[in-house]
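I have placed the structure first, in the form of structure tokens, so that the comments after it can refer back to it.
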2 protein chains.
Amino acid sequence: MGTATATASRPMRADAQRNYDRIVQVASDAFAERGVLTSLDDIACRAGVGPGTLYRHFPTRDGLIAAALGGSLDKLAGLSESLTASDDPGAALDDWMLALAEHLRTYDNLPESIAEAFRVDDSPLRNSCRPLTNTTSVLVDRAKKAGVIRHDVDYRDLFALVSSVAWASQRRGDSDADLKRMLALATGGIR
Amino acid sequence: MGTATATASRPMRADAQRNYDRIVQVASDAFAERGVLTSLDDIACRAGVGPGTLYRHFPTRDGLIAAALGGSLDKLAGLSESLTASDDPGAALDDWMLALAEHLRTYDNLPESIAEAFRVDDSPLRNSCRPLTNTTSVLVDRAKKAGVIRHDVDYRDLFALVSSVAWASQRRGDSDADLKRMLALATGGIR
DNA sequence: ACCTGAACACCGTTCAAGT
DNA sequence: ACCTGAACACCGTTCAAGT
């Protein structure tokens with residue numbers, strides 16, 4: 001898969017594409033180091049472009065976060081495929097929730113940004129999460145049909161629950177083992 | 001109970017006390033309207049003092065939040081007394097967790113601030129939460145002894161769980177009924 | 001068509017000068 | 001002892017001027 005273009009329509013001019021790619025690359029590093037709330041001016045500066053150029057490509061911070069998250073989302077898409085084909089719906093849902101929680105911890109303050117994005121129509125970050133909620137919905141349905149979770153649990157509840165745990169464990173600076181433990185505790189009530 | 005003084009030691013000069021009280025009053029309103037991340041300059045301005053005066057009384061935002069939360073904390077202290085004396089440890093813990101979650105939703109972004117305060121030694125906001133964690137600890141112990149919750153659950157886990165739910169329901173703009181439902185779901189695993 | 005960077009508004013924070 | 005408000009640094013955002 002090649003590098004992303006700004007829209008699905010026409011290719012960018014070569015210099016614009018180069019800037020776009022550099023911005024995403026630098027942003028990805030900056031978010032990983034200092035969280036998604038880090039200065040956009042600083043990202044533009046490190047990418048060697050003016051602030052206006054960054055804003056042209058990414059009118060909102062959400063869009064830049066979504067772009068920086070690209071690779072991580074591709075990995076989850078792969079997991080999604082294998083889990084929806086699994087013959088153990090309970091274990092598949094568990095594995096999925098853990099992967100989801102880990103993904104939400106990719107950058108500091110990412111759970112906040114994603115939760116906020118869900119309140120905005122057409123947020124690029126929200127759109128980039130669509131495959132995640134879709135997979136959650138599918139796996140929840142399969143688990144219900146298999147009778148391993150309660151029938152009054154919505155996939156949105158589960159997504160919110162997993163986001164919450166990711167948020168809390170990030171705020172506390174939890175290890176992966178702690179995250180796993182908290183997730184089991186928080187989702188124990190769905191059975 | 002009179003109005004708070006800056007330290008437990010000596011009373012403030014009359015004009016300083018007046019400023020202190022006005023700042024807390026204005027901050028309380030501003031936090032309620034626009035969340036705890038609202039501009040401190042704006043609070044100082046509305047209270048009719050210079051920014052330096054606000055900083056003198058409250059060197060950190062946390063301190064101002066803690067002061068603004070005073071009344072709400074007093075109410076919880078009352079509930080704490082009656083619940084720790086209850087003869088139904090399971091129901092008492094449930095009631096407490098709900099009250100805690102509602103308290104954490106007092107201001108927008110309060111769960112974030114409190115979670116952050118727990119990473120700082122001597123944060124005034126953390127100190128103001130001490131009675132809350134204490135009560136949680138007591139009620140969790142009583143519930144364990146009564147055999148209504150699992151023995152491998154820590155009171156810190158529960159506090160984190162309740163904070164998480166408060167955070168998520170605030171981000172989603174949930175109603176009180178939604179909060180109650182999510183809380184039941186998230187804490188179902190402790191039994 | 002895209003980029004640059006100056007410019008503006010806003011906010012947190014400090015501190016010298018005042019009373 | 002406390003207050004004031006100017007000053008500074010930083011950040012998001014816009015836009016006129018360039019190529």
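Lettering of chains follows the sequences in order, A, B, ..., and the numbering in each one begins at 1. These numbers come from a predicted model, not from an experiment.
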Practice problem: Any salt bridge (Lys or Arg N to Asp or Glu O under 4.0 Å) involving residues 35-60 of chain B? Give me the pairs, sequence neighbours left out, ordered by first then second residue. | Solution: Arg34(B)-Asp42(B), Asp42(B)-Arg46(B)
Quiz prompt | Pairwise ring-ring contact (aromatic ring centres under 6.0 Å, His included) hits with a residue in residues 90-116 of chain B, at least two apart | solution = Phe31(B)-Tyr107(B)
Exercise. Can you tell me the distance, in whole Å, between the CD1 atom of Ile23(B) and the P atom of dC2(D)?
Key: 13 Å
Quiz item: Once you round it to whole Å, what is the distance between P of dC10(D) and CZ of Arg34(A)?
Solution: 14 Å
Quiz item: Would one find a side-chain N or O of Ser39(A) under 4.0 angstrom from OP1 or OP2 of dC10(D)?
Solution: no
Quiz prompt | Interatomic distance where CG belongs to Asp42(B) and P belongs to dC10(C) [whole Å] | solution = 11 Å
Quiz item: In chain order, what residues pass the salt bridge (charged side-chain N to carboxylate O under 4.0 Å, His left out) check against Arg18(A), with sequence neighbours excluded?
Solution: none
Exercise. With sequence neighbours excluded, give me every side-chain hydrogen bond (donor to acceptor under 3.5 Å, both in side chains) pair touching residues 77-89 of chain A.
Key: Ser80(A)-Thr135(A)
Quiz item: Between atom OH in Tyr55(B) and atom P in dA16(C), what is the gap in whole Å?
Solution: 18 Å
Quiz prompt | Ion pair Arg191(B)/Asp94(B), N-O distance below 4.0 Å | solution = yes
Practice problem: Spell out protein contact along nucleotides 3-9 of chain C as letters: B when the base is contacted, S when just the sugar-phosphate is, - when no protein heavy atom is under 4.0 Å; keep the 5' to 3' order. | Solution: SBBB---
Practice problem: Round to the nearest Å and state the distance from Ile43(A) atom CD1 to dG12(D) atom P. | Solution: 8 Å
Practice problem: To the nearest Å, give me how far apart CD1 (Ile65(B)) and P (dG12(C)) are. | Solution: 12 Å
Self-check item: Interatomic distance where CG belongs to Leu37(B) and P belongs to dC10(C) [whole Å]
Solution: 18 Å
Self-check item: With sequence neighbours excluded, residues passing salt bridge (charged side-chain N to carboxylate O under 4.0 Å, His left out) with Arg22(A)
Solution: none
Quiz item: Arg61(B): what forms a salt bridge (charged side-chain N to carboxylate O under 4.0 Å, His left out) with it, not counting sequence neighbours?
Solution: none
Exercise. Answer yes or no: is there an ion pair linking Asp176(B) with Arg105(B), defined by an N-O contact shorter than 4.0 Å?
Key: yes
Quiz item: Hydrophobic cluster mates of Trp167(A), side-chain heavy atoms under 4.5 angstrom, ILVMFWY only, any path?
Solution: Trp167(B)
Quiz item: Could you state the CG-C1' distance from Leu54(A) to dC2(C), rounded to the nearest angstrom?
Solution: 14 Å
Exercise. Let me have DNA chain D in dot-bracket notation, would you? Count Watson-Crick plus G-U wobble pairs, both distances under 3.5 Å, and use [ ] for pairs crossing earlier ones and | for inter-strand partners.
Key: ||.|||||...|||||.||
